[in-house]
There are 2 protein chains.
Amino acid sequence: MQVRDAEQARLCHARQILDRVGDKWSIAVIHSLGKQTLRFTELKRDIDGISQRMLTATLRTLERDGLVRRTVHPVVPPRVDYVLTELGLTLLGTVCTLMTWAVTHADDIDEARAAYDARPVP
Amino acid sequence: MQVRDAEQARLCHARQILDRVGDKWSIAVIHSLGKQTLRFTELKRDIDGISQRMLTATLRTLERDGLVRRTVHPVVPPRVDYVLTELGLTLLGTVCTLMTWAVTHADDIDEARAAYDARPVP
DNA sequence: CTGTATCCACAAAGATACTG
DNA sequence: CAGTATCTTTGTGGATACAG
């Protein structure tokens, strides 16, 4: 039973992390920063549909988790740069793998959905 | 501009799929079915903390997306089996990759969080 | 056994306005 | 420019009861 519990615990922990890095805004930020260092406003422009509130919250979480580094330049007007850390870069690779899967199998999923929705309903 | 829009569209589509397969219950179901075919009740027992409602909803979505196959046996009492499709199996592999990343770097993230939370607050 | 239906609570997220 | 504060709205998930 200890084995099952230990597995559950590991899964649970993994799920917590997936909940973090798996939400759409985190993915978007990581993907954007994968290309280059960006400032707050540049990120906001780059990520379609994100609100200031969500961008701030997402960046804080990613910073806290050690995936993104935030650099404040003491100038006027204020300038803050965001860049992926080394840990963030390893995640970028993994995220890209998942992205690739999603892109590769998008058609399969669309087909499956169409087939499912076209079923005769009793 | 078309290039950027096309990329945005692809990213958006990928995000939709990630939203599906990335939520914790989907991950849990796919992981459970990765080991063996299971019935509804067995899945509910296997996945700690899931409610009937969520399990049903998750299975429907996965079935619609062509990741899980649902087989009803016309017997009394009713018996319904769930198994990963071929497409589901390819996702299992990718999910495992992400899981592995999460497990591998869990300590790094915990450290980063501890360091972040220990910062002196102005 | 395998679900569906309903209700409710809480949290997440958008809009908006304001500050250092 | 780079956020914070506040309000409102939406959505997600849990509990429960019931049906085929």
Side-chain angles (χ1 to χ4, degrees), chain A residues 11-12 15-29 32-33 36-65 68-83 116-117 119-122, chain B residues 12 15-30 32-33 36-65 68-83 116 119 121-122:
Chain A
L11 275 176
C12 208
R15 277 215 305 255
Q16 282 176 17
I17 295 173
L18 286 182
D19 278 353
R20 289 281 148 105
V21 305
D23 82 290
K24 64 175 184 175
W25 296 135
S26 293
I27 297 272
V29 167
S32 280
L33 291 181
Q36 63 206 292
T37 298
L38 289 173
R39 316 174 50 173
F40 187 86
T41 311
E42 291 170 337
L43 272 170
K44 180 153 165 36
R45 237 196 316 273
D46 202 50
I47 300 171
D48 198 52
I50 196 170
S51 65
Q52 271 194 354
R53 190 182 180 285
M54 280 300 100
L55 180 54
T56 303
T58 303
L59 286 170
R60 284 293 174 284
T61 302
L62 292 175
E63 187 195 358
R64 186 168 106 98
D65 287 352
V68 162
R69 179 160 39 249
R70 177 173 181 270
T71 310
V72 181
H73 303 279
V75 296
V76 241
R79 178 191 182 92
V80 180
D81 286 338
Y82 292 93
V83 60
Y116 185 95
D117 295 342
R119 291 178 324 169
V121 268
Chain B
C12 206
R15 277 215 306 257
Q16 282 176 18
I17 295 173
L18 287 182
D19 278 354
R20 289 281 150 106
V21 305
D23 81 291
K24 64 175 185 178
W25 295 135
S26 292
I27 297 271
V29 166
I30 288 170
S32 279
L33 291 181
Q36 64 206 292
T37 299
L38 290 172
R39 316 173 49 173
F40 186 86
T41 310
E42 292 170 337
L43 272 169
K44 182 154 165 32
R45 236 195 318 272
D46 202 50
I47 300 171
D48 199 52
I50 196 170
S51 65
Q52 269 194 354
R53 188 182 181 284
M54 282 299 101
L55 181 54
T56 304
T58 303
L59 286 170
R60 284 294 173 282
T61 302
L62 292 175
E63 187 195 358
R64 185 168 106 98
D65 287 352
V68 162
R69 180 161 37 250
R70 177 173 180 268
T71 310
V72 182
H73 303 279
V75 297
V76 242
R79 177 192 181 93
V80 180
D81 285 338
Y82 293 93
V83 59
Y116 185 95
R119 291 177 324 167
V121 269

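Note that the structure is predicted; figures quoted are calculated from it, not measured. Chain identifiers are assigned alphabetically (A, B, ...) following the order of the sequence lines, protein sequences preceding nucleic acid strands; residue numbering begins at 1 within each chain.
Contact check, A:S51 against C:dA13: no side-chain N or O comes under 4.0 Å of OP1 or OP2. An OP1 or OP2 oxygen of C:dC1 is reached within less than 4.0 angstrom by no side-chain nitrogen or oxygen of B:R39.
Put simply, chain A comes within 4.0 Å of DNA chain D, heavy atom to any atom, from D:dC1 to D:dT6, going 5' to 3'.
If you measure from atom CZ of B:R79 to atom C1' of C:dT2, you get 12 Å, rounded to the nearest angstrom. In this structure, B:L38 atom CG and C:dC1 atom C1' are separated by 15 Å, rounded to whole Å. The NZ-P distance, from B:K44 to C:dC1, rounds to 11 Å in whole Å.
For A:R119 (side chain) and A:Y116 (main-chain N/O), a donor-acceptor pair under 3.5 Å exists by modelled atom type.
Considering every non-hydrogen atom in both B:D23 and B:S26, the closest pair reads OD1-OG, 2.6 Å. Here the closest non-hydrogen pair linking A:W25 and A:T58 is CB-OG1, 3.6 Å.
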Check against side chain to side chain contact (heavy atoms under 4.5 Å, CB included), B:V29 and B:Y82
CA-CA 10 Å; B:V29 166; B:Y82 293 93; over 6 Å; no
Check the pair B:V68 / B:V83 against side chain to side chain contact (heavy atoms under 4.5 Å, CB included), numbers first and verdict last.
CA-CA 6 Å; B:V68 162; B:V83 59; over 6 Å; no
Begin from the C-alpha positions of B:R70 and B:D81 and carry the test salt bridge (Lys or Arg N to Asp or Glu O under 4.0 Å) through to its verdict.
CA-CA 6 Å; B:R70 177 173 180 268; B:D81 285 338; over 6 Å; no
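A heavy-atom distance below 4.5 Å is not found between the side chains of B:R69 and B:E63.
Taking the side-chain contact (heavy atoms from CB on, under 4.5 Å) definition, one finds that B:L38 meets it with B:S32, B:L33, B:Q36, B:E42, B:L43, B:D46, sequence neighbours left out.
Of all the residues in residues 52-63 of chain B, B:R53, B:M54 reach under 4.0 Å from DNA chain D with at least one non-hydrogen atom.
Residues B:G49 and A:P77 each lie close to DNA chain D; by heavy-atom proximity, the contact nearer the 5' end of the strand is made by A:P77.
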